[in-house]
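To start, the structure itself, in structure tokens.
What you see is a predicted model, and the numbers here were worked out from it, not measured in a lab. Positions are given from 1, in the same order as the sequence printed here. We count ligands from 1, going down the list as the structure has it; atoms in each ligand are counted the same way.
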Amino acid sequence: MKLFIDTASLQDIEEIASWGVLAGVTTNPTLLSQVEGDEDSIYRRICELVDGPISAEVVANDVPTMISEGKRLAAIHPNIVVKLPTCAEGLSATSALAKDGIRVNMTLCFTASQAMLAASAGAAFVSPFLGRYDDISEDGLGHLGEIVECFANSLYETEVLAASIRSPLHVMEAAQIGADIATIPPKVFHQMLKHPLTGSGIDQFNKDHAGRLAKQGA
Ligand code: E4P
């Protein structure tokens with residue numbers, strides 16, 4: 001499973017990109033509202049930091065404006081993927097953009113039936129949300145499993161991008177279920193990395209190495 005980062009923070013993207021683990025980036029209007037600066041410049045800088053699909057979300061609500069906004073975003077950089085909501089207008093705009101060779105990530109997808117519509121409209125990625133299901137006491141991972149199963153039994157080329165990830169457990173289970181990609185908030189990347197036995201092991205090795213050097217110097 002490929003790992004994307006789910007943020008518009010250039011500082012966080014730069015930090016996690018330096019680990020060499022990132023295959024792409026997703027943003028949304030909420031994440032952009034949390035950072036300063038002009039959106040197009042932010043997208044351009046993200047494209048410099050990570051060589052992979054970079055999702056930029058359309059905010060229009062009618063089909064013609066979704067299409068023109070999508071084309072404008074896609075022209076920023078070849079790696080830009082246009083993000084559109086899973087609704088009737090989003091499907092029509094996805095179909096039109098896909099016919100023009102523009103990759104679309106259909107977001108706010110909650111069911112297998114929505115995911116199949118997104119794939120049929122030509123979406124390159126579909127983003128099932130996990131955490132928002134969990135927030136309303138429903139099984140987000142269960143719904144992800146249904147989507148992966150439906151896609152395995154079809155000829156869709158659409159990649160399943162698990163989104164709204166809240167924990168390392170979500171990431172692990174999304175991989176076990178067979179998602180192609182998980183988009184992960186910076187905080188969860190740090191949680192994935194940390195383990196108390198790794199930390200104490202590094203401390204012990206450093207201490208033992210220093211002890212050996214001290215003996216040699218004595
Ligand atoms: C990414 O593509 C989604 O917009 C994002 O993962 C949503 O996450 P949230 O449910 O934590 O806002």
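- Within the structure, the ring pair (Phe, Tyr, Trp, His ring centres under 6.0 Å) test picks out the following pairs touching residues 180-217 (sequence neighbours left out): Trp19-His190.
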Quick check on ligand 1: any N or O pairs to the protein under 3.5 Å? One line per pair.
from: ligand 1; atom 1: 2 (O); to: Lys83; atom 2: NZ; distance (Å): 2.7
from: ligand 1; atom 1: 4 (O); to: Asn28; atom 2: ND2; distance (Å): 2.8
from: ligand 1; atom 1: 4 (O); to: Lys83; atom 2: NZ; distance (Å): 3.1
from: ligand 1; atom 1: 6 (O); to: Asp6; atom 2: OD2; distance (Å): 2.6
from: ligand 1; atom 1: 6 (O); to: Ser164; atom 2: N; distance (Å): 2.8
from: ligand 1; atom 1: 10 (O); to: Arg132; atom 2: NE; distance (Å): 2.7
from: ligand 1; atom 1: 10 (O); to: Ser164; atom 2: OG; distance (Å): 2.6
from: ligand 1; atom 1: 10 (O); to: Arg166; atom 2: NH2; distance (Å): 3.0
from: ligand 1; atom 1: 11 (O); to: Arg166; atom 2: NE; distance (Å): 3.4
from: ligand 1; atom 1: 11 (O); to: Arg166; atom 2: NH2; distance (Å): 3.1
from: ligand 1; atom 1: 12 (O); to: Arg132; atom 2: NH2; distance (Å): 2.8

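- Distance check, rounded to the nearest 0.5 Å: CZ of Arg44 to CG of Leu49 gives 14.0 Å.
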Verdict with reasoning, Asp100 to Lys71, per salt bridge (Lys or Arg N to Asp or Glu O under 4.0 Å): CA-CA 9 Å; Asp100 268 0; Lys71 285 184 178 172; 3.1 Å; yes
From CA spacing to verdict: salt bridge (Lys or Arg N to Asp or Glu O under 4.0 Å), Glu69, Arg72: CA-CA 5 Å; Glu69 205 184 321; Arg72 194 191 65 73; 5.6 Å; no
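- Here His143 and Tyr133 bring their ring centres to under 6.0 angstrom of each other.
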Asp12/Lys187 under salt bridge (Lys or Arg N to Asp or Glu O under 4.0 Å): CA gap, chis, key distance, verdict: CA-CA 9 Å; Asp12 287 333; Lys187 182 182 155 200; over 6 Å; no
